Amino acid sequence: MTDREISAAQLKIKEWYARYGRDNLPWRMTDDPYHIYLSEVMLQQTQVKTVLERYYFPFLKKFPTLKALGDAPLDEVLKMWEGLGYYNRARNLHKTAQTLIGQAQGAAPTLPTEIDELIKLPGIGKNTAHAVAAFAFKQPVPVMEANVKRILCRLFLLKSPNDKHLWEYAYRLVDKNNPFDYNQAMMDIGATICLPKKPECGECPLEEICNGKKDPEHYPVKKSRKVPVREQNIQLHIYDDKLSLTQRTGKFLHRLWGFESVEMPQCATRHIGMVTHTYTHFKLVCNVFAYYETEPEQEHYFSVSEIKKLAISKVDEKIIKLYLHTISGE
DNA sequence: AACCCGTGGAT
DNA sequence: TATCCAAGGGT
C-alpha cells in the first residue's frame with residue numbers, strides 16, 4: 001500500500017469509529033494505567049462480555065490500586081479470578097504489583113511507560129505491552145491481537161503468517177496521530193464486522209482496500225485441533241460431613257483447591273457418578289467415588305460454606321455439585 | 001516452534 | 001450437540 005492509501009484507510013477507520021465504536025467500555029473511559037493494564041490481562045483469550053459483566057468491576061472494587069493488589073494475599077487474588085481461567089494471569093498480576101511496589105520504595109507504585117520495560121514484567125507479552133503503551137500512555141504503536149490479526153490476514157491475503165510478519169503490517173498501518181482511537185477501532189471492527197464466520201464486509205470501512213472480501217473465511221486458515229480424552233478416578237474423602245480438598249501445586253490450575261485423582265479407588269468406596277469437563281487441549285472424564293472415613297486421614301477438611309471461601313476450578317465445582325446432589329437424595 | 005494453560009459465548 | 005475461538009503469555 002502507498003502512503004496515500006494508508007492515510008485514506010486511517011481516515012475511514014477514524015470516521016467509522018466515531019459512529020459505531022463501542023464507547024461504553026469502562027477501560028476506554030479511564031486514564032488509570034492500572035485499570036487499563038488489568039483490563040488487558042483479563043481480556044487475554046477472554047471475551048469482552050465475560051470480563052465486563054462478571055470480573056472487571058468486582059476485582060477493582062476489591063483491589064482499587066496496584067498497592068492494594070500487591071499487598072493482598074495471593075489466595076484472595078485467585079478467589080477474585082475464580083472461573084475466569086488461565087490462573088497464571090492472576091499470579092503474574094500479583095507478582096507484577098509486588099515488583100512495582102518494591103521499585104517504588106515507599107511511594108505509590110506505577111507502571112513503566114516504555115514497551116521494553118513493560119514487557120519485562122511477568123504476564124505482559126508483546127501485545128499487552130503495546131496495548132498499555134498505546135491506551136494508557138498514548139504512544140504511537142499498534143496492538144496485534146486476535147481481531148487485528150484476522151483483519152490483517154484478510155486485507156493482505158495472509159493464510160498463516162508468523163507474528164513477526166503481522167507486526168510489520170501492523171506498524172505500517174497504525175495511525176500515529178491517533179493511536180488510541182485507531183487501535184480501539186481495529187478491535188471493534190474485528191469484533192463486530194470482520195467476524196471469523198460470516199463477516200459483514202458490506203459494513204466494513206476497509207472494504208475498498210480489502211483483498212480478502214471475496215472469500216474472507218479463507219484467511220487465515222483455521223487449524224483443526226483434536227481433543228484427547230483423559231480418564232480419572234476422584235476419591236472424595238468425607239469425614240463428619242466435610243470434604244478433604246488440597247491446594248494444587250503443579251502448573252495446571254496452580255494454587256487452586258480441588259480433589260486429587262487416584263489410580264484405584266480404595267475398597268469401601270461408592271461410585272456416586274461421573275463428571276466431564278472439556279479443556280482446550282483435552283477432555284476430562286472423572287469417575288467420582290465417595291469414601292466415608294471414621295477418623296480424619298487427610299490434612300484439610302472443609303464444610304460446604306468453608307469451601308465457598310476457597311478458589312476452586314470449574315471441574316471441582318462440578319464434583320462438589322455431584323456430591324451435594326448425592327447426599328440430598330439419601 | 002509447538003505445546004501448555006480455562007472457561008464460556010456464539011452458532 | 002459439537003465446534004470454534006476469544007483484547008495471549010510462558011516455556
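All values derive from a computational prediction rather than experimental measurement. Letters A, B, ... are given to chains in the order of the sequence lines, protein chains preceding strands, and every chain is numbered from 1. Hydrogens, waters and symmetry mates play no part in the numbers below; they use all other heavy atoms, side chains included.
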| Below 4.0 Å: OP1/OP2 of B:dT7 and any side-chain N or O of A:Y87 | yes
| message | Without decimals, in angstroms, what is the distance between A:H165 NE2 and B:dA1 P? | response | 14 Å
| field | Distance, rounded to the nearest Å, where A:R150 contributes CZ and C:dC5 contributes P | value | 9 Å
| said: Does A:L253 reach a base, just sugar-phosphate, or nothing at all? Heavy atoms under 4.0 Å. | reply: sugar-phosphate
| task | Round to a whole Å and report the spacing from CZ of A:F180 to P of C:dA7. | result | 16 Å
| query | Mapping A:K197 and A:F282 onto DNA chain B by nearest heavy atom, which one lands closer to the 5' end? | reply | A:F282
| said: Under 4.0 Å from OP1 or OP2 of C:dG10: is there any side-chain N or O of A:R91 that close? | reply: no
| query | Under 4.5 Å between any side-chain heavy atoms of A:Y169 and A:L155, yes or no? | reply | no
| said: Please pick, from C:dG8, B:dG9, C:dC5, the nucleotide with the shortest atom-to-atom distance to any side-chain atom of A:K49. | reply: B:dG9
| Contact nearer the 5' end of DNA chain C, comparing A:K251 with A:Q47 | A:Q47
| message | Using the P atom as the point on both nucleotides, what is the distance between C:dG9 and B:dG8, in whole Å? | response | 22 Å
| request: Please determine if a side-chain N or O atom of A:K314 lies less than 4.0 Å away from the OP1 or OP2 oxygen of B:dG8. | output: yes
| said: Applying the side chain to side chain contact (heavy atoms under 4.5 Å, CB included) criterion to A:N233, which one of A:T269, A:V262, A:V288 satisfies it? | reply: A:V262
| Between A:K283 and A:L43, which has a closest nucleotide on DNA chain C that is more 5'? | A:K283
| query | Taking atom C1' of B:dT7 as reference, at what distance in whole Å does atom CG of A:L78 sit? | reply | 15 Å
| Does the side chain of A:H277 get closer than 4.0 angstrom to OP1 or OP2 of B:dG6 through an N or O atom? | no
| task | Give A:T278 one of three labels, base, sugar-phosphate or nothing, depending on what nucleic acid heavy atoms sit under 4.0 Å from its own. | result | base
| OP1 or OP2 of C:dG8 under 4.0 Å from side-chain N/O of A:Q45 | yes
| field | Residue A:R22, side-chain atoms from C-beta onward, closest of C:dA7, C:dC5, B:dC5 | value | C:dA7
| query | Just to confirm, is there a sub-4.0 Å distance from OP1 or OP2 of C:dA7 to any side-chain nitrogen or oxygen of A:N147? | reply | yes
| query | Centroid-to-centroid, A:Y279 to A:H277, below 6.0 Å? | reply | yes
| task | Could you tell me whether A:Y279 contacts a base, only the sugar-phosphate backbone, or nothing, with contacts defined as non-hydrogen atoms closer than 4.0 Å? | result | base
| said: For A:Y171 and A:H130, I'd like to know if the aromatic rings sit close, meaning centre-to-centre distance below 6.0 Å. | reply: yes
| message | With a 6.0 Å cut-off (strictly less than), is the heavy-atom count around CG of A:D116, excluding the residue itself, greater than 12? | response | yes
| request: Using a heavy-atom cut-off of under 4.0 Å over every strand shown, decide if A:A131 touches base, sugar-phosphate, or nothing. | output: nothing
| Whole-Å distance separating the CD atom of A:Q44 from the C1' atom of C:dA7 | 8 Å
| field | C1' spacing across the pair B:dC3 / C:dA7, given as an integer number of angstrom | value | 22 Å
| task | Whole angstrom is fine here: how far is it from CH2 in A:W81 over to P in B:dT7? | result | 13 Å
| said: Looking at the base of B:dG6, is there any donor atom on it, or on the side chain of A:T280, that sits under 3.5 Å from an acceptor on the other one? | reply: yes
| Between A:E145, A:E40, A:Q44, which is the residue that forms a side chain to side chain donor-acceptor pair (under 3.5 Å) with A:T128? | A:Q44
| task | Check the pair A:R19, A:W16 against side chain to side chain contact (heavy atoms under 4.5 Å, CB included), reporting the backbone distance first and the verdict last. | result | CA-CA 5 Å; A:R19 284 188 64 180; A:W16 180 91; over 6 Å; no
| A:L284 has an atom CG; how far is it from atom P of B:dC4, in whole Å? | 15 Å
| query | Does A:S39 have a side-chain nitrogen or oxygen under 4.0 Å from the phosphate oxygens OP1 or OP2 of C:dA7? | reply | no
| How many Å lie between CG on A:N92 and P on B:dG6, as a whole number? | 12 Å
| message | Please classify the nucleic acid contact of A:L25 as base, sugar-phosphate, or nothing, using heavy-atom distances under 4.0 Å. | response | base
| said: Taking any heavy-atom pair under 4.0 Å as a contact, classify A:Q184: base, sugar-phosphate, or nothing. | reply: base
